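What you see is a predicted model; the values in this text were computed from it and never measured. Just so it is clear: chains get the letters A, B, ... in the order the sequence lines come, proteins before strands, and each one is counted from 1.
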Amino acid sequence: MAKEAQSVPGFEPKIIAFLCNWCSYGGADLAGVSRLQYPANTRTIRVMCTATISPHHILKAFQKGADGVLVAGCHIGDCHYIKGNYMTIKRVAVLKELLRFTGFQEERLYLDWISSAEGVRFAEVIRNFTQKVKEMGPSHLRTTY
Amino acid sequence: MTNSIAEIENSKCIFIIGSNTSEAHPLIGSRILKAKEKGAKLIVADPRKIQLSFYADIFVRHQLGTDVALINGILNVILKEGWYDRKFVEERTEGFKEFRKVVEKYTPENVEKITGVRAQDIRKIADLYARSKSSSIIYAMGITQHITGVDNVKSLCNLAMLCGQIGRESTGVNPLRGQNNVQGACDMGGLPNVYPGNQPVSDGQMAEKFEKAWGTKLSTKPGMTLTEMLKAAMAGEVKAMFILGENPMVSDVDIQHVEKSLEALDFLVVQDIFMSETARLADVVLPGVSFAEKDGTFTNTERKVKRVRKAIEPIGSSRQDWDIICDLSTRMGYPMRYDDPSKILEEVAQVTPSYGGIYYDRIETEGLHWPCPNRAHPGTPYLHKDRFSRGLGLFHAIEYLPPEELPDKEYPYFLTTGRIYVHYHTGTMTRRSPSLNKEVEEGFAEINPRQAKELGIIQGERIKVFSRRGEIEIKADLSERMERNTIFIPFHFVESAANRLTNPAFDPIAQIPEFKVCAVKIEKVNH
Amino acid sequence: MKAMQARVRKLLEENKIDGFIGLKMEHGHPAPFMFSRENLGEMETLVVGDVRYPLNKALLKVSGQYPDLTFGVMVRGCDERGITELLKWNQLHRDRVIPVGVACSSELAQLCECYKPYPSDWVVGEKTEGIAKSKRLQKIEGMNQKERLSYWLNQFNKCIKCYGCRDVCPMCFCEVCSLEDRNFILTGKLPPENPTFHLSRAVHMVGRCIDCGLCEEACPSNIPVRTLYKKINEIVKEYFDYRTGESSEGKSPLNLLGEVTLELSDVNK
Amino acid sequence: MEYKTVLTTCGYCGCGCGLYLEVLDGQLVGAQPCKTDSVSQGGLCIKGWNVHEFVQNSERLTKPLIKKDGQFKEATWDEALDTVASRLKKIKEENGPDRIAFLTSAKCTNEENYLLQKLARAVVGTNNVDHCARL
């Protein structure tokens, strides 16, 4: 059963990052080879396109105790599958509104477009999002049955 | 149930003990939640952290099989604080003195040692239950399936009587019947000691009445219970059995024993809709029909007689069960002929006072609660309004007895069994229902995660569970619902049948086996 | 009632339809039933009242078996929105359905907080004005985040996983249901995973929910799922300017890739 | 072509929820709660919603079976019922009525339970009648 969580000092969040193979994963790769520093709270899941990420995957990540979920794909117009990210933005928009309505802190879900050339920006996105989730404290769902 | 389902909603305090209501009786579980939303206080006592416990004002996990001690503790507080209903006790009951003497020993502190429930929680339960305007007790097999099953029930009756929480709307002692028509099967005389309507076979007058109605000579010697039948079969004292739509091969305690008993019979007839584990052992199998293929009535757990209606024709050459029985009887030289089931219920009404006013035309739109003695009677939603069946309510002085088998060095854990929301009884129906089987396909053993960790067991891994009776292999399911020393296995699954493990120790009066407690050990399976 | 009976009789007698899915009063209860030329004699038992059943769902079952026949069905405002949407999702054929309308009573309209409690055309009832903004939605929107969280956690924890919300839903016609996918939702436990179970279903109501409220009526645990889906409809309107079932134009927003009308700043507010 | 719903009582647990079985051309195609039933009040559990499914399962027994040499053989109703009648009669005559025992069923109707215990008591002459209530 889920219950309300309390903030924990020295809390290190768990963040699931769904990264599209063609752009954002490339961005992460570039950040890596460029030896850019960013927090290590992120567990990356590489997907072929962010359009393959159903709201179920995001909900499941939260259900299993993720404190934050990042979805990152190609910039609009750059999708390897032309319009995959059109679907992503619609889904995330709906899901965030739904999370807001049900009190599940929609700020824990973040969508961004990061190209494979944007290594610096990738590190920055991770840093900012990690910081934000850290400030929010542990997810309310971080309990088990 | 002494009271009706609808009344639960208006109860001010509901004490749920030994019933995982939301899984085993979901629509009664939802009534309890409705009562809660209307402001009722909820008390849940269960060794497992069941769903309703989330909504409980007080939730206690007493050690398996310590119900009598827990209830005596509650009674003790009520007596000591003077929260009981003096007028009710004086006017409507007897045996109070002896009862009081026994209960006085069960102080909350003593009971805490037996049950593991904190003394302060016992006091709180006593307070909530005794002092509410209308308190209702709801229980199920968690109370009855113990060697002290009858004691457990009597203790609950003591509680209701002491506080005058019976004989009024939204109060009462309410056992939830596990199967759709257990109530009806009992009402119709599906018991060794009584005719329909609880009329004792040993009572000569009753026998005479039925002899007249049925035009034949009847035995006044009470018959055997199922447990006794099986023993007698093993000993060659019962030669033949006729089993209608039951599957003791999975549902009964200690299956190996059942199998040997049934095999020892000279002749076994099973009338069922599927080739159940029991039917496999039969000499003759008669294909009956499901509830969807016949007309009739069921009596639900609140004693309400409701219509069953035929929706489709019998499948294949199967025949309606009532029609098969009539045919068989006729072939045995006693002609039974009824135009349709309504005529059978008319006969029931003639010989069964509690069903005396229940006819099909009266239950067309809405069922009737028995007792309903005549055609003008509106039925009885709650019992014991001005008097108990025996006149005065009798207090029973009951001492706590531990379960027959407790964990020890060799078998260090408690095992308890029960139902899950998807399946029903032995699974002959639910496991053949694609939507239900898909939901839960196999059995599992719920184990506390910390205990599993100590044993090196991970989620979903296959384990072996042993008891002194047998062993099964089953999937481990780590769950905070369980306490460290206890595991839970649902009994629906024949291939990992919990009843290979359970203890064939019986309540001396009701002959109910102690399904809810036995000792087991657990091992990892090394493939 | 008489008007409905007469209309249905006429449609059947003139061979405009082969069957009519409506409600029949039997054993003192209104029940779903198909009136046909074979049982015209039972037309007097056809009833209209505030008790509602998923007649469109029955229609899908019957028309699935008899795709070449034409069926009439009793519709309210919500059911008509349902038919509009079912046509878009290719679950029904336009020429094979003839709706016969009922305008809802003002009590029912109030209870449902329905924005259009009448179909385009009706033979029973009188038009009552719709309710523009749902009060129950406003109540929850008025709570702070913590209150909303505890409210919904508490509600979802009551779930006994009967799947009644889905099984009764006239818009749930998928052959495979994500709610039964073990990768997403564990089985065998009550309550089901909270909030994944209920939010998953809510997500699937995007462009589907016609706000009939049968889900909430079917919920044995009184979970206010209708309010949840009302919110979904509001989101859909706000983000995609789409009102589910209102018009036969346009496609459900998550049913096609289309053009992108949102920007990141709309999403990461 | 026929579509109807039949008001009945659920065959699973003891709650006794009123529900409709949906029948299309003589086949069960669904179950749904009866909104105006006093127990279910328009709701059901997962078992109730699917109570129609087991009825038409392909494993349903459709013919009487008689075991010969350890194998079940299909039989006619006459053969099966005559076998049962004669074997029970014989055991009763040779060993007495109390050598025969009956289990009635918590899953069958009141009418059927009544008849079976009547068969046991009035025809066979024994009170050896019980059912699985305790289990």
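Here the closest heavy-atom approach between residue B:Ala185 and residue D:Asn113 is recorded as CB-OD1, 3.7 Å. Scanning all heavy atoms of the two residues, the minimum distance from B:Pro248 to D:Leu103 falls at CG-CD1, 4.2 Å.
For the pair D:Tyr114/B:Val348, a side-chain contact is recorded, criterion being any heavy-atom separation below 4.5 Å from C-beta on. Between D:Glu112 and B:Lys294, some side-chain heavy-atom pair lies under the 4.5 Å cut-off. Side-chain contact between B:Ser290 and D:Val55: present, with at least one pair of heavy atoms (C-beta onward) separated by less than 4.5 Å. Two residues are said to be in side-chain contact when any heavy atoms from C-beta on lie closer than 4.5 Å; D:Ile91 and B:Phe267 meet this criterion. Using a 4.5 Å heavy-atom threshold, the side chains of B:Ser219 and D:Thr126 count as separate. A heavy-atom distance below 4.5 Å is not found between the side chains of D:Lys107 and B:Ile273. Between D:Tyr12 and B:Met429 the shortest side-chain heavy-atom distance falls below 4.5 Å. Looking at heavy atoms from C-beta onward, D:His131 lies in side-chain contact with B:Glu246 at the 4.5 angstrom threshold.
Looking at B:Met224, both its backbone and its side chain come within 4.5 Å of chain D, counting heavy atoms on both sides. Heavy atoms of B:Thr216 lying under 4.5 Å from chain D belong exclusively to its side chain. B:Glu439 touches chain D through its side chain: at least one heavy atom from C-beta onward sits under 4.5 Å away, while N, CA, C and O do not. Heavy atoms closer than 4.5 Å to chain B are found nowhere in D:Asp25, neither backbone nor side chain. At a 4.5 Å heavy-atom cutoff, the contact between D:Val23 and chain B is made by side-chain atoms alone. Of the atoms belonging to B:Tyr338, it is side-chain heavy atoms, and not backbone ones, that fall under 4.5 Å from chain D. Contacts of B:Leu281 with chain D are made by backbone atoms alone, with heavy-atom separations under 4.5 Å and no side-chain atom involved. For B:Arg331, the parts sitting under 4.5 Å from any heavy atom of chain D are the backbone and the side chain alike. For D:Cys10, the part sitting under 4.5 Å from any heavy atom of chain B is the backbone (N, CA, C, O) and nothing else. Using a 4.5 Å cut-off between heavy atoms, B:Ala233 makes no contact with chain D at all. Contacts of D:Val6 with chain B are made by side-chain atoms alone, with heavy-atom separations under 4.5 Å and no backbone atom involved. Heavy atoms of B:Glu366 lying under 4.5 Å from chain D belong exclusively to its side chain. With a 4.5 angstrom heavy-atom cutoff, B:Asp507 does not touch chain D via any of its atoms. Heavy atoms closer than 4.5 Å to chain D are found in the side chain of B:Val201, but not in its backbone. For a residue to count as touching a neighbouring chain, one of its non-hydrogen atoms must lie under 4.5 Å from one of that chain's; by this rule B:Asp187 does not touch chain D. Both the backbone and the side chain of B:Val284 have a heavy atom closer than 4.5 Å to some heavy atom of chain D. In this structure, no portion of B:Ala232 lies under 4.5 Å from any heavy atom of chain D. Of the two parts of B:Leu176, neither the backbone nor the side chain holds a non-hydrogen atom closer than 4.5 Å to a non-hydrogen atom of chain D.
Between chain D and the residues B:Arg280, B:Arg319, B:Lys310, B:Glu228, the largest count of heavy-atom pairs under 4.5 Å involves B:Arg319. For the options B:Gln183, B:Gln320, B:Glu293, B:Lys217, heavy-atom pairs under 4.5 Å to chain D are most numerous at B:Glu293. For chain B, the option among D:Cys15, D:Pro97, D:Pro64, D:Ser58 with the highest count of heavy-atom pairs below 4.5 Å is D:Cys15. Each of B:Ala292, B:Ala282, B:Ser329 has some count of heavy-atom pairs under 4.5 Å with chain D, and the biggest count is that of B:Ala282. Taking B:Ala311, B:Pro434, B:Pro287 one by one and counting their heavy-atom pairs under 4.5 Å with chain D, the maximum is reached by B:Pro287. The greatest number of non-hydrogen atom pairs below 4.5 Å with chain B, out of D:Ser86, D:Ala80, D:Cys108, D:Gly125, is found for D:Cys108. Comparing D:Gln117, D:Lys4, D:Arg60 by how many heavy-atom pairs each has under 4.5 Å with chain B, the most go to D:Arg60. When each of B:Val351, B:Thr299, B:Asp295 is scored by its heavy-atom pairs under 4.5 Å with chain D, the top score falls to B:Thr299. Chain D forms more heavy-atom pairs under 4.5 Å with one residue of B:Lys221, B:Met229, B:Met241 than with any other, namely B:Met229. The candidate with the highest count of non-hydrogen atom pairs below 4.5 Å against chain B, out of D:Gly18, D:Gly96, D:Ser38, is D:Ser38. Among D:Arg99, D:Lys92, D:Gln27, the residue making the largest number of heavy-atom pairs under 4.5 Å with chain B is D:Arg99. For the set D:Val124, D:Leu119, D:Thr83, the entry with the most heavy-atom pairs within less than 4.5 Å of chain B is D:Leu119.
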- Message: Could you go through D:Asp130 and B:Leu191, starting from their C-alpha distance and side-chain angles, then the distance that decides it, and tell me whether this counts as side-chain contact (heavy atoms from CB on, under 4.5 Å)?
- Response: CA-CA 4 Å; D:Asp130 201 3; B:Leu191 292 168; 3.8 Å; yes
- Working for side-chain contact (heavy atoms from CB on, under 4.5 Å), residues D:Gln56 and B:Ile315: CA-CA 7 Å; D:Gln56 291 162 157; B:Ile315 307 261; 3.9 Å; yes
- Task: Would you check, one step at a time, whether the test side-chain contact (heavy atoms from CB on, under 4.5 Å) holds for B:Ile243 with D:Phe102?
- Result: CA-CA 6 Å; B:Ile243 300 179; D:Phe102 290 80; over 6 Å; no
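Remark: the backbone N or O of B:Ser317 is not paired with any side-chain donor or acceptor of D:Thr62 at under 3.5 angstrom.
Of all residues spanning residues 66-75 of chain D, those with a heavy atom less than 4.5 Å away from chain B's heavy atoms are D:Ile66, D:Lys67, D:Phe72, arranged by number.
By the side-chain hydrogen bond (donor to acceptor under 3.5 Å, both in side chains) test, D:Lys35 is found to be paired with C:Glu217, residues two or more places apart in sequence or in another chain being considered. In this structure, the side-chain hydrogen bond (donor to acceptor under 3.5 Å, both in side chains) partners of B:Arg31, at least two apart in sequence or on a different chain, are B:Glu9, D:Gln41.
Using a 4.0 Å cut-off between a side-chain N of Lys or Arg and a carboxylate O of Asp or Glu, B:Asp266 and D:Arg87 do not qualify as a salt bridge. Taking 4.0 Å as the cut-off between side-chain N and carboxylate O, D:Lys118 and B:Glu347 count as a salt-bridged pair.
In this structure, D:Arg121 fails the cation-pi test against B:Trp214, since its NZ or CZ atom is not both closer than 6.0 Å to the six-membered ring centre and inside 45 degrees of the ring normal.
If you check the side chains of B:Asn181 and D:Asn110, you find a donor sitting under 3.5 Å from an acceptor.
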Donor-acceptor pairs are to be reported for all side-chain atoms of residues 44-54 of chain D against protein atoms at under 3.5 Å, with residues two or more places apart or in another chain.
from    : atom 1 : to       : atom 2 : distance (Å)
D:Lys47 : NZ     : B:Tyr421 : O      : 3.0
D:Asn50 : OD1    : B:Ser435 : OG     : 3.3
D:Asn50 : ND2    : D:Ile46  : O      : 2.9
D:Glu53 : OE1    : B:Ser433 : OG     : 2.5
D:Glu53 : OE1    : B:Ser435 : N      : 2.8
D:Glu53 : OE1    : B:Ser435 : OG     : 3.3
D:Glu53 : OE2    : B:Ser435 : OG     : 2.5

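Between atom CZ of residue B:Phe291 and atom OG1 of residue D:Thr9 there is a gap of 9.0 Å, rounded to the nearest 0.5 Å.
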